[in-house]
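Notes for the one structure printed next.
For the single chain, residues carry numbers from 1 onward in sequence order. Treat the numbers as computed from the prediction; the structure is a model and nothing was measured.
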Amino acid sequence: MTTKNDGIPDPSVRTLRQLFDDGQIALEMSRRERATSADAIDDRVRFGHFAARIEDAVTEVLDGIHTVPAEARPSVAALVVRSLRLLQTLSSEADDIEFGLYKSLSLVAQTLRRTEQFADGLDFVCRQLNVVTGGPVLCSRVVDDQWRVVASSGVASSVVGSSVLLATGSAEHLALTERRPTPSIRPAQQAGGVVENALGTDSYIVVPLVSSRNTYGLIHCGFTGPDPTSMCAFLSLLGELVTLAWTNRSNDAEFDEFESRVRREFEPHSAHRDVPGRRAGEQAALTRREREVLQLVLHGVSNARIATTLFISVETVKSHVKNVLRKCGAVNRSELIAQFPAGGARIGAIRTSA
């Protein structure tokens, strides 16, 4: 397709062609072989990875397209067009998967608020999470220096009622201390083997169920995919929801706000329409997540660090940043930062989308 005399480096076009081929294969294999929601989670990460790399490769090729001889440009341009179409498809598929996952949170919310016995609600949470992740699930109540299993799915029923010491330095202790989902990819020695034996894997995520005042419990989620951390954003919201129900299930207003936030924050990005020339002073409609990303961008935080801070993938961060730039009418980060000379103090002037 290209030669050394094309005027454009061989590696850039070769890389784009390889990414295009690999992305197509990944998309086709996903459509043929996806069997569970856990497979969808892996696909979401994979598609986001391909989309980000294809976008970077297309940019590199276009940067050098003006040096390509006239006779070589049609083939290079055709590859770029096909790659952009694939990028759009991959991004759309990833958005749809993410939206489906977060719709399941609404189902959990509806069940928790309507179930008469809270224990029955915990059983449903475990079953739903078992479907989403494809792995076994434990839910426990923390009392003093121990946690006791009160609900489960995908494990032997005899596990319910088991008590385990909350050992310092364990994944359980870290999750409660840091108040965020904590992956544990090692033998669960501090838990006396209960978690490893019950879940059948030493790869799991611990989700803390904590409020500002109380510690309620833990969720152990076995995960067989290649990247357990890809589940952290979903599990963080699930933990927040279960904690809300554990604290006060009679507060319908809080449940309504939670469900509204889930719909608002995780609708597919493709559903947003471009609004050219919108500036910060014109009340750009940002989601709460976009406002969080904007605040971090204004403080010079890198995409990788934003991803770690918000429990989302780097690809998702890039998507949020693009949406913020578009909605604020900025071409790049420098122009965006110039709109907020007070380092983010004017973010409050931007309205949040409903």
Side-chain angles (χ1 to χ4, degrees), residues 30-31 34-48 91-115 118-139 151-155 180-181 183 199 204-209 216-246 249 252 254-271 287-289 310-313 315-316 319:
S30 169
R31 290 172 173 173
R34 185 187 302 167
T36 67
S37 295
D39 295 329
I41 295 169
D42 292 342
D43 287 341
R44 180 189 60 166
V45 175
R46 190 178 300 112
F47 291 166
S91 298
S92 179
E93 290 267 347
D95 280 340
D96 289 345
I97 291 169
E98 186 167 274
F99 189 46
L101 288 173
Y102 285 96
K103 280 179 62 179
S104 72
L105 289 172
S106 292
L107 179 60
V108 171
Q110 293 169 17
T111 301
L112 286 175
R113 72 195 300 182
R114 294 172 183 172
T115 304
F118 182 59
D120 294 336
L122 290 181
D123 285 335
F124 179 81
V125 169
C126 290
R127 292 196 301 272
Q128 181 72 6
L129 191 51
N130 179 221
V131 170
V132 170
T133 65
V137 180
L138 303 175
C139 184
S152 66
S153 181
V155 302
R180 64 180 182 179
L199 299 180
Y204 60 89
I205 300 176
V206 183
V207 185
L209 305 177
Y216 295 97
L218 297 161
I219 293 178
H220 286 80
C221 174
F223 191 74
T224 58
D227 181 15
T229 58
S230 66
M231 280 293 297
C232 282
F234 173 84
L235 292 175
S236 181
L237 276 177
L238 180 70
E240 180 182 339
L241 174 58
V242 176
T243 301
L244 170 63
W246 209 324
R249 289 196 301 151
D252 287 341
E254 290 192 28
F255 276 99
D256 290 339
E257 193 281 332
F258 181 90
E259 292 185 61
S260 176
R261 177 153 56 89
V262 168
R263 290 193 302 271
R264 180 169 71 236
E265 292 182 2
F266 298 100
E267 65 179 335
H269 300 123
S270 57
T287 67
R288 189 178 70 87
R289 180 69 79 187
L310 300 181
F311 302 108
I312 55 180
S313 69
E315 290 75 22
T316 300
S319 181

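In this view, Glu254 and Asn251 satisfy the side-chain hydrogen bond (donor to acceptor under 3.5 Å, both in side chains) rule, not counting sequence neighbours. Under the side-chain hydrogen bond (donor to acceptor under 3.5 Å, both in side chains) criterion, Ser153 pairs with Asn130, not counting sequence neighbours.
Listed here is the closest heavy atom pair of Ala151 and Asp123: CB-OD1, 3.3 Å. Nearest heavy-atom pair, Leu218 versus Pro208, reported as atom, atom and distance to 0.1 Å: CD2-CA, 4.1 Å. The nearest pair of heavy atoms linking Leu235 to Val207 is O-CG1, 3.5 Å.
Rounding to the nearest 0.5 Å places CG of Leu112 at 8.5 Å from CG of Leu244. Here the CG atom belonging to Leu138 is positioned 10.0 Å from the CD1 atom belonging to Ile219, to the nearest 0.5 angstrom. Rounded to the nearest 0.5 angstrom, Trp246 CH2 and Leu122 CG are separated by 5.5 Å. Summarising the geometry, atom CG belonging to Leu105 is positioned 8.5 Å from atom CD belonging to Gln128; distances are rounded to the nearest 0.5 Å. Taking CZ of Arg114 as the start and CG of Asp120 as the end, the distance is 15.5 Å to the nearest 0.5 Å.
With contacts defined as side-chain heavy-atom distances shorter than 4.5 Å, the pair Phe124/Leu107 qualifies.
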Problem set entry | Chi angles and distances behind the side chain to side chain contact (heavy atoms under 4.5 Å, CB included) call for Cys221, Leu129 | CA-CA 8 Å; Cys221 174; Leu129 191 51; 4.2 Å; yes

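Residue pairs meeting the salt bridge (charged side-chain N to carboxylate O under 4.0 Å, His left out) criterion with at least one member in residues 232-243, sequence neighbours excluded, are Glu240-Arg261.
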